[in-house]
Amino acid sequence: MTCLALILGCAGPILSPEEAAFFREVRPWGFILFKRNIDHPEQVRALTAALREAVGRADAPILIDQEGGRVQRMTRPHWRPYPSGRAYLRAGGPEGGPALAGLGARLMAHDLAMVGINVDCAPVLDVPVPGAHDVIGDRAYGTDPGVVAAFGRAVAEGLMAGGVLPVMKHMPGHGRAGADSHHALPVVEASRAELEAHDFQPFRALADLPMAMSAHVVFRALDPDNPATTSARVIGEIVRGRIGFDGLLMTDDLSMNALSGSFRDRAAAAFRAGCDVGLHCNGVRAEMEEVVAAAPVLAGASLRRAQGALARLVPDAAAFDPAEARARLDAGLAAAA
């Protein structure tokens with residue numbers, strides 16, 4: 001069944017008949033959920049089932065941002081909160097921290113899979129530098145590229161063991177950004193050599209992972225005129241070339257203020273640059289209609305990458321006891337408190 005190269009959001013915790021009809025007509029590849037869509041486990045299970053029914057695909061990816069710390073859409077009272085990325089480093093250091101982070105990710109995957117969510121927009125592989133905006137901050141696993149890569153690998157493996165695909169973000173790096181791309185366009189002045197030696201390293205180390213999200217960031221040394229999301233040079237030479245990533249590249253949210261122009265123009269620019277799938281998050285129908293107008297059918301190399309990602313949705317067959325895993329995670333975190 002053909003589908004558009006889009007991931008879209010819905011307005012609330014219940015899929016309206018109008019939304020279902022719209023999604024049935026436009027057939028996006030997948031969906032993304034936010035706090036506005038989350039109430040309790042039974043409700044989330046019903047929503048994910050309704051979204052898949054609308055597009056007629058039982059394997060339609062349903063995404064969420066469940067990093068831990070400041071960024072987690074499912075939390076109390078029905079789900080436990082998880083630590084930030086940096087908290088794992090503080091708890092276990094660069095040697096023991098990755099195992100704790102991987103255990104946390106395995107538990108998050110259990111939470112997500114139980115309600116029909118099969119993609120998590122994590123790990124964050126950005127490497128902050130002094131003076132950067134705090135939009136990444138403690139979401140990052142550390143300030144050393146090697147440490148970030150080790151934690152990112154553990155988190156990705158923990159998610160996949162639980163039947164949830166990871167999405168690396170934000171490629172090729174948001175750690176130097178001096179602005180929050182939700183609100184403004186960050187411009188990074190670092191040289192290409194600095195970027196190669198620092199920012200790109202975690203992504204290169206994890207280039208075998210199935211999915212990644214682009215950065216709405218201008219890198220002067222790479223393309224002074226366009227953010228990475230809409231830069232054919234950055235995607236072609238850096239993401240596909242130097243980093244060596246051949247998985248599915250999705251945009252960051254096309255409604256973020258780092259991008260300019262109409263929503264149709266933003267989407268068209270991202271697809272021209274080489275993004276495989278466009279992401280639009282807020283569920284606003286008028287904006288989605290513009291994005292739909294610019295979106296191609298998922299085909300060619302992008303379809304191959306999408307199918308390759310979904311083919312990796314194979315949870316670990318080993319028995320998993322969430323209560324025992326939570327006790328181990330809590331003990332590991334408490335030992336460093």
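We use all heavy atoms of the structure for the numbers below, so side chains are in, but hydrogens, waters and symmetry mates are not.
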| Would H183 and V135 count as a side chain to side chain contact (heavy atoms under 4.5 Å, CB included) if you check the C-alpha gap in whole Å, the side-chain angles of each, and the deciding distance to 0.1 Å? | CA-CA 11 Å; H183 306 298; V135 63; over 6 Å; no
Given H182 and N257, is the side-chain hydrogen bond (donor to acceptor under 3.5 Å, both in side chains) satisfied, shown in steps?
-> CA-CA 5 Å; H182 292 86; N257 289 332; over 6 Å; no
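Taking the charged nitrogens against the carboxylate oxygens, R176 and D199 do have a contact shorter than 4.0 Å, which makes a salt bridge. With respect to R285 and E290, no salt bridge is recorded, no charged nitrogen being found less than 4.0 Å from a carboxylate O. Under a 4.0 Å N-O distance rule, the pair R304/D246 qualifies as a salt bridge.
The main-chain N or O of V234 is never found under 3.5 Å from a side-chain atom of D223 such that the two would form a donor-acceptor pair. One N or O on the side chain of Q72 and one on the backbone of Y82 form a donor-acceptor pair closer than 3.5 Å. Remark: side-chain polar atoms of S231 are not paired, donor with acceptor, to backbone N or O of N226 under 3.5 angstrom. The main-chain N or O of L165 is never found under 3.5 Å from a side-chain atom of R312 such that the two would form a donor-acceptor pair. For the pair T251 (side chain) and L254 (backbone), a donor-acceptor distance under 3.5 Å is absent. Formation of a donor-acceptor pair under 3.5 Å by the Q66 side chain with backbone atoms of M74 is found in this model.
For the salt bridge (charged side-chain N to carboxylate O under 4.0 Å, His left out) test, residues two or more places apart in sequence or in another chain that qualify with R328 are E324. With sequence neighbours left out, R242 forms a salt bridge (charged side-chain N to carboxylate O under 4.0 Å, His left out) with E196. Scanning for side chain to side chain contact (heavy atoms under 4.5 Å, CB included) contacts around A269 gives T230, R272, with sequence neighbours left out.
Side-chain heavy atoms closer than 4.5 Å link hydrophobic residues (I, L, V, M, F, W, Y) into clusters, and following such links, even through other members, never connects V167 to M171.
M160 pairs with exactly one of V155, L209, D120 by the side chain to side chain contact (heavy atoms under 4.5 Å, CB included) rule, that one being L209.
Between R139 and S84, the side chains place no donor N or O within less than 3.5 Å of an acceptor N or O (distance only, hydrogens not considered). In summary, the side chains of S255 and H280 do not present any donor paired with an acceptor at a separation below 3.5 Å, with no hydrogens or angles considered. For the residue pair S302/D276, the side-chain donor-acceptor check at 3.5 Å is satisfied.
Taking OG1 of T143 as the start and NE2 of H198 as the end, the distance is 7.0 Å to the nearest 0.5 Å.
With a 6.0 Å radius and a threshold of 12 heavy atoms from other residues, nucleotides or ligands, R264 has its CZ atom at or below the threshold.
The two residues C121 and I32 make their nearest non-hydrogen contact at SG-CD1, 4.5 Å.
Taking the ring centre of F320 as origin, the terminal cationic atom of R106 falls inside the region bounded by 6.0 Å and 45° from the ring axis. With a 6.0 Å cutoff to the six-membered ring centre and a 45° limit on the axis angle, R266 counts as a cation-pi contact of F263.
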